[in-house]
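Following: one structure in structure tokens, then a few remarks.
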Amino acid sequence: MLTPEFFARDTLTVAHDLIGAEIIAGTGPDAVAGRIVEAEAYLGQADPASHAGRGWTPRSAIMFGPPAVAYVYMIYGMHHCLNFVTEPEGTPGAVLIRALVPVSGREIMARRRGLDPAACRDQDIASGPGRLCQALGIDLSWNGVPLGSSAPRLAVRSVSGNGVRVERTPRIGIRKAVDLPYRFVAAGSPCLTD
DNA sequence: ATATGGATGCAA
DNA sequence: TGCATCCATATT
């Protein structure tokens, strides 16, 4: 399992290193897992696209807190986005998880998405930050959940020798700082959002 | 192209 | 208190 030390590093490095890792979400029969194929770094003061880009607010406060916790927010009134807080406490930063390949619990995830598990493709299940949260069953109540505690609701597992080549591109869907190359993807994955 | 619709932050 | 904005998605 990835520890707080992993997340307490430079946000761009963490985002890069998360590609190919697996997220395990939920407990018991509702637990599901997926491999990260797309993630974006959101920095602090120097990043206008970040919720922490204009300093501390009640919402961005969590990005200034200790690393290795979930930052979940709602966007457009109907979708949730899952981030992991990075950097040492006091320094804001987070990584938005944008796409997963289903690893286990594919049927549960497909059903949560309103899809036919037998007919849908992997890229229909968790490609896109909103779809991903729906597939994992994540909503606002997950905001602040620590990663990888005992009996975790949420954990991240590194996969050694995953053979993933990581590519770096500009971020998707933002209106500010559109040129900064803070998006990381698993090269050639069919489950990317772009 | 367009409808969807809650939380947030800032101006007033 | 009002309102523009928002790291999206499904549907036409």
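Chain letters run A, B, ... following the sequence lines, proteins first, then strands; residues in each count from 1.
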Carefully, step by step, assess A/Asp47 and A/Ser50 under the rule side-chain hydrogen bond (donor to acceptor under 3.5 Å, both in side chains). CA-CA 6 Å; A/Asp47 184 359; A/Ser50 170; 4.9 Å; no
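Residue A/Arg54 is classed as having no contact, given no heavy-atom separation below 4.0 Å to the nucleic acid.
Remark: A/Arg171 is positioned above the aromatic ring of A/Tyr42, its terminal NZ or CZ atom under 6.0 angstrom from the ring centre and at most 45 degrees off the axis.
Atom NE2 in A/His79 sits roughly 16 Å away from atom C1' in C/dT5 (whole-Å rounding). One can place OH of A/Tyr76 at 15 Å from C1' of C/dA10, the figure rounded to the nearest angstrom. Separating the CH2 atom of A/Trp56 from the C1' atom of B/dC10 is a distance of 15 Å, rounded to the nearest angstrom. Remark: P of C/dC7 and CZ of A/Phe84 are 19 Å apart, rounded to the nearest angstrom. Taking atom CG of A/Asp139 as the reference point, atom P of B/dA7 lies 11 Å away to the nearest angstrom. One atom, NE2 of A/His80, and another, P of B/dT8, lie 11 Å apart when rounded to the nearest Å. The nearest whole Å value for the distance from the CG atom in A/Leu132 to the P atom in C/dA8 is 12 Å. Across the protein-nucleic acid pair, A/Gln123 atom CD and C/dA10 atom C1' stand 17 Å apart, rounded to whole Å.
For the OP1/OP2 pair of C/dC7 and a distance below 4.0 Å, the side-chain nitrogens and oxygens of A/Arg183 include no atom meeting the criterion. The side chain of A/Arg131 contributes an N or O atom lying less than 4.0 Å from OP1 or OP2 of C/dA10. OP1 or OP2 of C/dC6 lies within a sub-4.0 Å distance of a side-chain N or O belonging to A/Arg175. Under 4.0 angstrom from either OP1 or OP2 of C/dC7 there lies at least one side-chain N or O belonging to A/His51.
With salt bridges taken as basic N to acidic carboxylate O contacts below 4.0 Å, none links A/Arg35 and A/Glu22. Residues A/Arg111 and A/Asp116 are not paired through a salt bridge, judged by the lack of any N-O separation under 4.0 Å between the basic side chain and the carboxylate. Under the 4.0 Å criterion applied to side-chain N and carboxylate O atoms, A/Glu87 and A/Arg9 are not assigned as salt-bridge partners.
Between the side chains of A/Gln134 and A/Arg112, no donor-acceptor pair is found at a separation under 3.5 Å.
A distance of 6.5 Å separates CG of A/Leu2 from CG of A/Leu18, quoted to the nearest 0.5 Å.
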Secondary structure of DNA chain C per the Watson-Crick/G-U criterion (both distances under 3.5 Å; [ ] crossing, | other strand, . unpaired) is ||||||.||||.
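In the set B/dG5, B/dA7, B/dG9, B/dG9 carries the atom at the smallest distance from any side-chain atom of A/Arg59. With distances taken from any side-chain atom of A/Met78 to the nucleotides C/dT9, B/dG5, B/dA7, the minimum falls on B/dG5.
Summary of the strand contacts: A/Gln134 and A/Lys176 both lie near DNA chain C, and taking for each the nucleotide with the nearest heavy atom, the more 5' one is attributed to A/Lys176.
Using C1' as the reference atom, B/dG5 and C/dC3 are 14 Å apart when rounded to the nearest Å.
Evaluation of A/Tyr73 against the base of C/dC7 yields no stacking contact (centre distance < 5.5 Å, interplanar angle < 30° required).
If you run side chain to side chain donor-acceptor pair (under 3.5 Å) between A/Thr169 and each of A/Glu38, A/Glu40, A/Arg183, only A/Arg183 comes through.
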